[in-house]
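Note that the coordinates shown come from a computational prediction; the quantities given were computed from them, not determined experimentally.
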Amino acid sequence: GALGQRLFEEYARRGWLDEQLVRSRSLYERKCARLLAALERSMPEGARWTRPQGGFFSWLTLPDGADSADLARRAVERSVGIVPGTLFFPDGRGTDTARLSFSLVDEDQIDDGIERLASLMT
């Protein structure tokens, strides 16, 4: 609506948007670095992951024979959420991949969440 547009215009005009972008980039850079460090420390042999160049996700490739849908079901029981790769492939591929999001997760929970996830893969 018009009020929201006007508020956004004023927010941007005062430079607050630029300030927020600096804070947001710093926050997500820290979260991404923490996720990657936790993956490096905790993941079993055979697991691989992407280093995000933008966005809020890393793709995890599971060790041979692992199924991401099964892993996602077991992870929920340990209070860890992942998205099975099969949801991103209409042709049924992606059973060995999962999407890991770091945007909404509290920084302090990343290490523990990755450790829990890794423990389900061994």
Side-chain angles (χ1 to χ4, degrees):
L3 177 60
Q5 290 176 19
R6 178 66 181 101
L7 289 171
F8 181 77
E9 176 191 20
E10 192 63 29
Y11 191 80
R13 185 185 314 264
R14 292 183 184 200
W16 296 341
L17 185 59
D18 294 331
E19 292 172 13
Q20 182 59 47
L21 285 173
V22 169
R23 287 192 299 271
S24 294
R25 285 182 182 126
S26 176
L27 170 67
Y28 294 126
E29 186 178 320
R30 280 194 322 270
K31 286 183 171 190
C32 181
R34 191 156 188 176
L35 173 72
L36 294 173
L39 288 166
E40 188 68 40
R41 256 190 332 274
S42 302
M43 281 293 128
E45 183 146 340
R48 300 182 322 274
W49 51 92
T50 61
R51 298 186 69 80
Q53 300 299 307
F56 305 110
F57 311 100
S58 177
W59 278 98
L60 175 66
T61 301
L62 307 175
D64 289 340
D67 180 274
S68 62
D70 176 59
L71 180 61
R73 279 189 294 278
R74 291 184 295 124
V76 165
E77 295 170 2
R78 301 280 315 270
S79 300
V80 176
I82 65 169
V83 182
T86 52
L87 298 176
F88 299 93
F89 295 92
D91 61 0
R93 290 180 297 138
T95 58
D96 64 341
T97 62
R99 190 174 78 167
L100 307 177
S101 173
F102 55 85
S103 62
L104 295 178
V105 179
D106 187 290
E107 282 181 83
D108 296 330
Q109 295 177 325
I110 292 174
D111 296 320
D112 186 47
I114 294 299
E115 287 176 17
R116 290 181 197 185
L117 183 63
S119 74
L120 296 170
M121 296 169 58
T122 56

query = Just wondering, are more than 12 heavy atoms of other shown residues or ligands nearer than 6.0 Å to CG in Asp106?
reply = yes

ask   = Is it the case that more than 12 heavy atoms not belonging to Phe8 sit under 6.0 Å from its CZ atom?
value = no

ask   = Nearest heavy-atom pair of Asp111 and Ala38: which atoms, and what distance?
value = OD1-CB, 3.7 Å

message = Any carboxylate oxygen within less than 4.0 angstrom of a Lys/Arg side-chain nitrogen, looking at Glu9 and Arg6?
response = yes

note = For Pro63 and Glu45 the tightest heavy-atom approach is CG-O, 3.7 Å

ask   = Distance-only, no hydrogens or angles: does the Ser68 side chain make a donor-acceptor pair with backbone N or O of Thr95 under 3.5 Å?
value = yes

task = Would you check if the side chain of Ser58 reaches a backbone N or O of Thr50 as a donor-acceptor pair within less than 3.5 Å?
result = yes

task = Examine Ile110 and Trp59 and state if one hydrophobic cluster contains both, with Ile, Leu, Val, Met, Phe, Trp and Tyr joined whenever side-chain heavy atoms are less than 4.5 Å apart.
result = no

query = Quick one: does Glu107's side chain have a donor or acceptor within less than 3.5 Å of a partner on Val105's backbone?
reply = no

Residue pair Leu120 / Arg74: nearest heavy atoms and the distance that separates them = O-NH1, 3.1 Å

ask   = Which pair of non-hydrogen atoms, one from Phe102 and one from Pro52, has the smallest distance, and what is that distance?
value = CE2-CG, 4.1 Å

inquiry  = Could you tell me if the side chain of Thr97 sits less than 4.5 Å from the side chain of Phe89, heavy atoms only?
reply    = yes

inquiry  = Under 4.0 Å between a side-chain nitrogen and a carboxylate oxygen: does that hold for Arg78 and Asp112?
reply    = no

ask   = Are side-chain heavy atoms of Val80 and Glu115 found at a separation under 4.5 Å?
value = no

query = Within the distance-only criterion (no hydrogens, no angle test), does the side chain of Ser26 pair as donor or acceptor with the backbone N or O of Arg23 below 3.5 angstrom?
reply = no

note = Here the pair of heavy atoms bringing Ala47 nearest to Met43 is CB-CB, 4.0 Å

message = Salt bridge or not between Arg14 and Glu10? Use side-chain N to carboxylate O under 4.0 Å.
response = yes

query = Got a sec: does the CZ of Arg30 have more than 12 other heavy atoms crowding it under 6.0 Å?
reply = yes

ask   = Any chance CD of Glu29 has more than 12 other-residue heavy atoms, nucleotides or ligands included, within less than 6.0 Å?
value = no

inquiry  = Just so I know, are the side chains of Leu104 and Phe56 near enough to count as touching, which here means a heavy-atom distance under 4.5 Å?
reply    = no

